[in-house]
Amino acid sequence: MFKTFVAAAGVAGLLASAASAADISGAGATFPAPVYAKWAETYKATTGTGLNYQAIGSGGGIKQIKAKTVDFGASDKPLKPEDLNAAGLYQFPTVVGGVVPVVNIPGIAAGQIKLTGPMLAAIFYGQIKTWNDPVITKANPGVKLPAMPITVVHRSDGSGTSFLFTSYLSMKSPAWASKVGASDSVNWPTGLGGKGNDGVSAFVKQTPGSIGYVEYAYAKQNKMAYVLVQNKNGKYPAPTAQDFAAAAAGAKWAQAPGNYLLLLDQPGANSWPIVGATFILVYKNQENPAAGEQVLKFFDWAYKAGDGAAAQLDYVPLPLAVKNLIRKQWTTNVTAGGKPVYTGK
Amino acid sequence: MTATMMDSDSAPPRETAPGQSELSETIFRGLCFGAATLLLAALAGVVISLAIGGWPAFRQFGFGFFTSSAWDPVQENYGAAGPIVGTIVTSILALIIALPLATGVSVFLVEFCPRSIAKPVAVAVELLAGIPSIVYGMWGLFVLAPWFATHVQMPLMMDAANLPDWLSALVAGIPNGANIFTASLILAIMILPYMSAVFRELLLTIPAQVREAAYGLGSTNFEVVSKVMIPYVRRGAVGVVMLGLGRALGETMAVTFIIGNSHGFPHSLFDSGSTIASTIANEFAEATSDMHTAALIALGLVLFILTFAVLAVARLLLASEKH
């Protein structure tokens, strides 16, 4: 029954793509949707080729590319190399974003509280229950922390932001890794869930003593009080575009099989610890070389001309060295009948 | 005449030619039959595809799927009890709040409101139904929840020591307005226009003589409404209740914003919880593993069965009322 449905959807997709043969179709992650839309707009104006991107969520993007109803899928969470190989897919990063813990503690301003990864895990596990817990006060000498109960706020909807945040907590706390784990949606031990960045920030704003986590762009645009998080070098960088870029620059993409790389807890004095890239999924062996070429051409153009638009929307562009590495991968990783669909021309 | 003799047993004689009448009659009957069959087939299709999609979850967890309140996408351990309880509690609470309001609004509009403003007010109430549910959700999140937290939850919690134990247990929770009770309030507002519109139409079907006779016997307004009008439409009113309940059971967006979205059993009225619809809405888009998707589809089937059961029970009540 489901197969017939997918087949029907596939036929509908073919008809749609026949109607506008030149357009690229993609579906998936909601997080990069605004920047993809902005890029598509400029790209269409300069080249005449349009992009039809459906922001249906990372899970949907992976399902759609597997069903071959779109030219590319998009996911905030990279697929593991073995999953990529099993499906015959190849993935590459496009832009980077950061996740920022935000708080509402009376009398505490942005950047005033410093926390370590294990402390964040203990807070989100419900182990540290009040803001004046000795563990927190010891790490924050001179800051007057109230004896206020901590309310944990998390995302209720499945989200790449949650995936990054819980992956980070799993990295820093063995207890979190074994009892809760990392995923788009997890079984949160405590607290309440808000839908989307809106929901989380609304609950944090409305609940004194609360802590949540949102995308950097969201925290910045809404001027929320954020928390500093200790990085691998023991420093406390500020959550800014420069410090996300520092994390992305320090990451070793060349050594990551299948580009499976989480930019969490990267080395470097300025590296913000909770950073992640968002990914594009395409088939290694393209059944329709023209469509595959269009996809790579589009992202080639975006790498060249899209940084300004990305920065304007508070996304962090990839470092140049990473972009060059990815371009090189395209010529060998994405082929049709043994020939590369993208030649760099 | 002999040709139409057979027809005249069941239907009155018509003025059109017999052949034409029979043909149009056959087509009309066929169309109606087709519509009814198509609807049933679509319904069966929904049930079958939900059952197939959810089968892996039912096979894996068995009956425990309905009784367990675990919901852990990492360990792939799913149980529907929390959302089922949340769905039933919020829907019934919403109905308890909305039913008296809907009754009041429609009785007022039909019986006491000046003609000139009855129509505009009725339209205004019905317009409430046209507001997208996400607007209700946003309003609940940004307006109702903070107000509720400051003016209801906080005072109650400050006073918890003076409250009887059962009451303070009922109102325990995080004071930020995202809970089962506010979700029910939003649901009540959302189902109110449907319920009052149908209730009003029902009341309008009461023949004027019935009311006039009651007044003529010297009944007061209250007596006419409570002893004549409401009993007169009681059977239809069951339909009103079912319409509201059916909508409340399946409402998604508004609830998702305001219920707090924690899996597991809610422990009090002011505790956060989840409903079947909100869980599906929250997680379906990003569910990548097969078991997660299957568990969500299985939840969909549970909601379908729940709604069906509610409607069936309503029919039974209706049937027993006749005797």
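Protein chains get the first letters and strands the later ones, always in sequence-line order, with residue 1 at the start of each.
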Mark yes when over 12 heavy atoms from residues, nucleotides or ligands other than B/F265 sit less than 6.0 Å from its CZ; otherwise mark no.
yes
Do the side chain of A/N187 and the main chain of B/D72 share a donor and acceptor less than 3.5 angstrom apart?
no
Could you tell me the separation between the CZ atom of B/F148 and the CD atom of A/Q206, rounded to the nearest 0.5 Å?
13.0 Å
Applying a strict 4.5 Å limit to non-hydrogen atoms, the region of A/K77 in contact with chain B is side chain
Tell me, out of B/G260, B/S272, B/S262, who's got the most heavy-atom pairs with chain A below 4.5 Å.
B/G260
Criterion side-chain contact (heavy atoms from CB on, under 4.5 Å) against A/K195, the qualifying member of B/L141, B/I134, B/T256:
B/T256
Applying a strict 4.5 Å limit to non-hydrogen atoms, the region of A/S75 in contact with chain B is neither
Side chain from CB out, backbone as N, CA, C, O: work out which of these in A/I62 comes under 4.5 Å of a heavy atom of chain B, or both, or neither.
side chain
For the student: nearest non-hydrogen atoms of B/V74 and A/G181, plus distance
CG1-CA, 4.0 Å
Just give me the residue among A/G199, A/P208, A/G158 that pairs up with chain B most often, heavy atom to heavy atom, under 4.5 Å.
A/G158
B/N176 and A/L192, any side-chain heavy atoms less than 4.5 Å apart:
yes
If one checks every heavy atom of B/M154 against chain A at 4.5 Å, the contacting part turns out to be neither
Under a 4.5 Å heavy-atom cut-off, does chain A meet the side chain of B/T293, its backbone, both or neither?
side chain
Please look at A/S185 and chain B and tell me whether the side chain, the backbone, both or neither of the residue comes under 4.5 angstrom of a heavy atom of that chain.
both
Can you tell which of A/V186, A/T190, A/D76 has the highest number of heavy-atom pairs within less than 4.5 Å of chain B?
A/V186
Among the listed options A/G196, A/S156, A/G57, A/S210, the residue most often paired with chain B at heavy-atom distances under 4.5 Å
A/S156
Nearest 0.5 Å please: distance from the CZ atom of A/R155 over to the CG atom of B/N282.
9.5 Å
Is it the side chain or the backbone of A/S201 that comes within 4.5 Å of chain B heavy atoms, both, or neither?
neither
For B/D290, look at atom CG and say whether over 12 heavy atoms of other residues, nucleotides or ligands are found less than 6.0 Å away.
no
Between A/V180 and chain B, which part of the residue has a heavy atom less than 4.5 Å away: side chain, backbone, both or neither?
backbone
What one should report as the nearest heavy-atom pair of B/F257 and A/F203 is O-CZ, 3.6 Å
Heavy-atom distance under 4.5 Å to chain A: side chain of B/A149, backbone, both or neither?
neither
